[in-house]
Amino acid sequence: MASRNKAARKTASRKASNKRSNKASGKTSNKTSKKTRSGVATVAPQSDAARIIAAIKKIPRGKVCTYGNVADVAGLPRRARLVGTVLRQTPASRGLPWFRVINASGRISFPLGSDAYARQRKHLEAEGIDFVGGRVDLDRYGWPPRAKLLDELLWGPV
DNA sequence: GATTTGGCCGGGC
DNA sequence: AGCCCGGCCAAAT
């Protein structure tokens, strides 16, 4: 069964992001920067949640972004699930365009038929996003645009 | 498309 | 610590 490249998959395919960079050591809990040892105040690293929120805010009207891409934009590759978790526990009161986040299949992640599903879909359609067979065409509405993703991966942020 | 399989990570117990 | 479960992902069947 050719079960060879398993570990290779993520690493190689999903963005040659070798940028697992910093953290990587499991927990990151960057709470508010504390280590102000003697004065050298390290610039408070934003919490992962804050970065995710910020990334979501960038999604333009009429566009959608997958959990994975939100994570990438937030500088947290491979933390798609965290995006879901953060979203789940973030009060919509924040004026956050949470509804622009959908899964990599171009579908709304809530169970079809649920209120949540209907709510999200309504928001998206209100922005002109069109659903075909319950799916959003990511080539058309996805953000950031694929080309851009690729470029940044290969060339780095301009 | 649908499923399976393996991987990733954070949170809760 | 260990185990299990997520608004996940992607390659392979």
Side-chain angles (χ1 to χ4, degrees), chain A residues 1-34 44-59 63-127 129-150 152-154:
Chain A
M1 301 209 298
S3 54
R4 42 185 156 284
N5 39 358
K6 298 201 177 144
R9 271 210 302 255
K10 256 338 179 30
T11 331
S13 66
R14 173 134 175 113
K15 285 81 214 278
S17 72
N18 337 316
K19 49 192 258 195
R20 54 186 83 290
S21 60
N22 48 12
K23 358 199 130 206
S25 43
K27 260 350 182 346
T28 314
S29 66
N30 4 2
K31 319 222 143 199
T32 11
S33 65
K34 322 180 79 177
Q46 271 185 322
S47 69
D48 289 349
R51 298 192 196 192
I52 289 171
I53 298 295
I56 294 174
K57 285 185 178 171
K58 296 182 184 173
I59 309 172
K63 294 285 183 180
V64 295
C65 188
T66 65
Y67 290 87
N69 284 162
V70 166
D72 288 342
V73 171
L76 302 168
R78 275 166 226 115
R79 305 296 165 86
R81 288 190 110 128
L82 180 59
V83 174
T85 305
V86 168
L87 230 34
R88 201 191 332 164
Q89 44 185 53
T90 296
S93 44
R94 223 177 237 228
L96 188 74
W98 58 271
F99 52 86
R100 296 190 187 130
V101 184
I102 64 178
N103 65 38
S105 303
R107 302 166 178 286
I108 283 173
S109 288
F110 288 121
L112 189 54
S114 63
D115 290 342
Y117 179 97
R119 201 176 316 145
Q120 184 167 5
R121 179 155 172 167
K122 198 169 183 181
H123 272 296
L124 294 176
E125 293 184 317
E127 297 193 339
I129 291 176
D130 159 60
F131 281 74
V132 179
R135 286 174 60 251
V136 168
D137 180 353
L138 293 178
D139 286 330
R140 193 146 76 120
Y141 301 106
W143 181 90
R146 295 204 156 204
K148 184 176 181 185
L149 284 177
L150 226 111
E152 295 203 350
L153 281 172
L154 298 173

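Computed from a prediction, not measured in an experiment: that's the story for all the values here. A, B, ... follow the sequence lines: proteins, then strands. Residue 1 opens every chain.
One atom, CG of A:Leu112, and another, P of B:dG1, lie 14 Å apart when rounded to the nearest Å. Here B:dG7 presents its C1' atom at 14 Å from CZ of A:Arg79, a figure rounded to the nearest Å. Taking atom CZ of A:Arg78 as the reference point, atom P of C:dA11 lies 13 Å away to the nearest angstrom.
For the pair A:Ile59 and A:Val101, the minimum side-chain heavy-atom distance is below 4.5 Å. Looking at A:Asp48 and A:Val86, their side chains never come closer than 4.5 Å, going by heavy atoms from C-beta outward. Looking at heavy atoms from C-beta onward, A:Asp130 lies in side-chain contact with A:Arg140 at the 4.5 angstrom threshold. Looking only at side-chain heavy atoms (C-beta outward), A:Arg100 and A:Ile56 stay at 4.5 Å or farther from each other.
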Donor-acceptor list for residues 105-113 of chain A side chains, cut-off 3.5 Å, not counting sequence neighbours:
unit_1   : atom_1 : unit_2   : atom_2 : d
A:Ser109 : OG     : A:Asn103 : ND2    : 3.2

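Across C:dG6 and B:dC8, the matching C1' atoms stand 12 Å from one another, rounded to whole Å.
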Atom pairs under 3.5 Å: protein N/O with N/O of nucleotides 4-7 of chain C:
unit_1 : atom_1 : unit_2   : atom_2 : d
C:dG6  : O3'    : A:Arg88  : NH2    : 3.3
C:dG6  : N9     : A:Arg81  : NH2    : 3.3
C:dG6  : N7     : A:Arg81  : NH2    : 3.2
C:dG6  : N3     : A:Arg81  : NE     : 3.3
C:dG7  : OP1    : A:Arg88  : NE     : 2.2
C:dG7  : OP1    : A:Arg88  : NH1    : 2.9
C:dG7  : OP1    : A:Arg88  : NH2    : 2.5
C:dG7  : N2     : A:Tyr67  : OH     : 2.8
C:dG7  : N2     : A:Val101 : O      : 3.4
C:dG7  : N3     : A:Tyr67  : OH     : 2.3

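If you find the closest nucleotide of DNA chain B to A:Ser105 and to A:Gln89, the one lying nearer the 5' end belongs to A:Ser105.
In this structure, the ring pair (Phe, Tyr, Trp, His ring centres under 6.0 Å) partners of A:Phe99, at least two apart in sequence or on a different chain, are A:His123. For A:Ala118, the side-chain contact (heavy atoms from CB on, under 4.5 Å) criterion is met by no residue, not counting sequence neighbours. Every side-chain contact (heavy atoms from CB on, under 4.5 Å) that A:Leu138 has, sequence neighbours left out, goes to A:Val64, A:Thr66, A:Ile102.
Taking a pair as Watson-Crick or G-U wobble with both distances under 3.5 Å, DNA chain B forms stems of 3 or more consecutive pairs at B:2-7 with C:8-13, B:9-13 with C:2-6.
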